[in-house]
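A short write-up of the structure that comes next.
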2 protein chains.
Amino acid sequence: MEVEPSVRVTIDDVARAAGVSRQTVSRAMNGKGEISAATRRRVLATIEELDYRPSVFARGMRTQRAGTLGLILSDIANPFFPAVARGVFDAAGAHGFSVVVHNTDAHAGRESTAAREILEGGAEGVIGFFEALGDEELVALHRRLPLVVADRRAPAPTVASVSSDFATGTRLAVEHLHAQGHRHLGMLDGAVGVDHVRRHAFAAAAAPGSPIVTGPPTITGGAAAAAQLLGEHPEVTALFAFNDLMAVGAIRALRERGRHVPDDCAVVGYDDLTLAADLDPPLTTVHTDKYELGRTLVEALDAIVRARRRDTGDTGDTPDPEPRLLPATLVVRRSA
Amino acid sequence: MEVEPSVRVTIDDVARAAGVSRQTVSRAMNGKGEISAATRRRVLATIEELDYRPSVFARGMRTQRAGTLGLILSDIANPFFPAVARGVFDAAGAHGFSVVVHNTDAHAGRESTAAREILEGGAEGVIGFFEALGDEELVALHRRLPLVVADRRAPAPTVASVSSDFATGTRLAVEHLHAQGHRHLGMLDGAVGVDHVRRHAFAAAAAPGSPIVTGPPTITGGAAAAAQLLGEHPEVTALFAFNDLMAVGAIRALRERGRHVPDDCAVVGYDDLTLAADLDPPLTTVHTDKYELGRTLVEALDAIVRARRRDTGDTGDTPDPEPRLLPATLVVRRSA
DNA sequence: TTGAAAGCGCTAACAC
DNA sequence: GTGTTAGCGCTTTCAA
């Protein structure tokens, strides 16, 4: 290996080469403080020439900023999250942030570990899809680090929240099933999260006593939940799934039992993953703009971070952030 | 907002509270240097009590380590990458690393920007799926920062590389198509990467002159490439796609032209995405262990990082890393 | 508009 | 086994 002996070019090297003090170099880089355009240009040229890169560590030591933001999610292998992540990456890049990602598998322990590591890593804020942690923990985290919770009710009015409109999405799905003539609906609920908006909305919109079976929000989880639900409630002719992955599992299970989708049993998913249209049968599902969700999460976090920087001292409290709700629509394909 | 006024607990606070010097605290934390078990326990207790968190910045300033590693990939929305990323996250976590992820869309400019940001961010190494950057740039990067290239030939013997065995995978796909009786094969190649192992292997295994059309490695890219190829070569009865996404696009295009898969035209994909089995028709594809790839990448990087730490001075050069090749197998489903 | 001094919190090297 | 000394490279006072 021929990794270089780390002969770091420091701000002093630049200062010396440019014939100024190191403070002037700092001013030239950060565009702060008064400095003549001429010296500024000269210093910048020297920086370029020496290929000088300020040390994040030294800088962070003074400023407490690393230009990093944390993203906590439960399962990067669920295509929903990558779609959101793209939005997060793009928006973060535009605001000069790098993103450190933590996968939690919806375990409370791993969620708090992730939060702690992000905190200790000097990130400036966190975006979190927390499925297991309680509100108190989130509030505590927010005391240490700007936080935006995703797809979850704000744990306190002070904490920012961006979600898609699960209540509306779920209602649209149930109404569609009813309109198709289904009288006996069942729901495959994902055993994650704390709000259970989809479950509550389903319970409210479907006939009282409609069965709900819970399982991991994955293909196999959906297959198992569907098998159980159909076994216990053979009258059911339509399934509403927590997400597209569970819907895929349900279709698999249905097929294995020799039941045709949608003729014998309809299935509606949630998320509208890219591949939903190419499944067999193409999946009827609730669409949300995942990229936009990612972008919005970053914007919300950025607003908080900037506000914090402004009132450096414990000046005026910033007003509580307005929770954001992103729209949901139904996409009818052939599975229901 | 009620973010706390940042009254940081420092190593000195702990030292004072525990009645020791701050160096002893450091020793207790890092398990380095000689220290009695008794004082160690006492210090650790004090740390716990004061909820002390060492500053990454201060520590990084001395050690040049942030406990971070960079992951550069072209498209997190392509399910192949999340599958790899899971392996990376898990292995990185096990080795005490956090992962900062950069999405490049296979643009050379964004690949080098990502590399630079990771470097400046103080990461200890990079794992990169570089699709556009030249070997020289990679070698230059490796001079500044331990690097492992993924799914690409090592740009120099000194650079570590972990890839899946595309040559074998491609050969298996082509042989299967031949065995099914197809005489006229075509390939939909992804317009990314620099090695073109899949393309070369296809050209070598298929009949001379078999058509190859290139496009973005996405669903729409695959649809467009398939439409073009079939338009120009109506004799083709079997398509080998660069990846599953292009295969899905091909099936879409075929269907739109009223051609049945696999009867009118067979399609083989590459990657074996989770949903491949649930597509219509279920996709015959080349399987690789993506999680294992992610894990192996981290292990390779970790080995380099540790080796570098060991010979702090420019001691003995480490031996060149052995390029790793991960196996590929064919999964026959109904699309071919 | 610029420079000098001070110190952020930590660990490596050396003394004891 | 433990403490002391000396910075790491930067930005924030403050003075010129």
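Lettering of chains follows the sequences in order, A, B, ..., and the numbering in each one begins at 1. All figures in this text were calculated on a predicted structure; none of them were measured in a lab.
The distance from atom CG of A/N30 to atom P of D/dT12 is 7 Å, rounded to the nearest whole Å. As a whole-Å value, the separation of A/R22 CZ from C/dT2 P is 17 Å. Following rounding to the nearest Å, B/F57 (CZ) and C/dG7 (C1') show an atom-to-atom distance of 17 Å. Distance CG (B/D13) to P (C/dC10): 9 Å, rounded to an integer number of Å. In this structure, CG of A/L50 is placed 15 Å from P of D/dG9, rounded to the nearest angstrom. Distance, B/R41 CZ to D/dT2 P: 12 Å, rounded to whole Å. Spacing between atom CD of B/Q23 and atom C1' of C/dC14 amounts to 11 Å, rounded to whole angstrom units. Taking atom OH of residue B/Y52 and atom C1' of nucleotide C/dG9, one finds them 7 Å apart after rounding to whole Å.
In terms of position on DNA chain D, the residue among B/S36 and B/M61 whose nearest nucleotide sits closer to the 5' end is B/S36. Along DNA chain D, the nucleotide closest to A/I11 and the one closest to B/T24 are compared, and the more 5′ of them pairs with B/T24.
Here A/S26 reaches the OP1 or OP2 of D/dT11: one of its side-chain N or O atoms lies under 4.0 Å away. For B/S55, no side-chain nitrogen or oxygen approaches OP1 or OP2 of C/dG9 to under 4.0 Å. Put simply, A/T39 has a side-chain N or O that comes within less than 4.0 Å of OP1 or OP2 on C/dT2. Residue A/R62 has no polar side-chain atom (N or O) positioned under 4.0 Å from OP1 or OP2 of C/dC8. Side-chain N/O atoms of A/T63 include none lying less than 4.0 angstrom from OP1 or OP2 on D/dC10. Side-chain nitrogen and oxygen atoms of B/T10 include none within less than 4.0 Å of the OP1 or OP2 phosphate oxygen of C/dG9.
The pair B/R152-B/D135 meets the salt-bridge criterion, since a charged nitrogen lies less than 4.0 angstrom from a carboxylate oxygen. Taking 4.0 Å as the cut-off between side-chain N and carboxylate O, B/R306 and B/D302 count as a salt-bridged pair.
No side-chain donor-acceptor contact under 3.5 Å links A/E131 and A/H107.
Side chains of A/V101 and A/I72 form no contact here, defined as non-hydrogen atoms less than 4.5 Å apart.
Contact of B/R27 with D/dG3 (side chain to base): a donor-acceptor pair of N or O atoms is detected under 3.5 Å.
Looking at A/R110, its side chain does come within 3.5 Å of a backbone N or O of A/N103 through a donor-acceptor pair.
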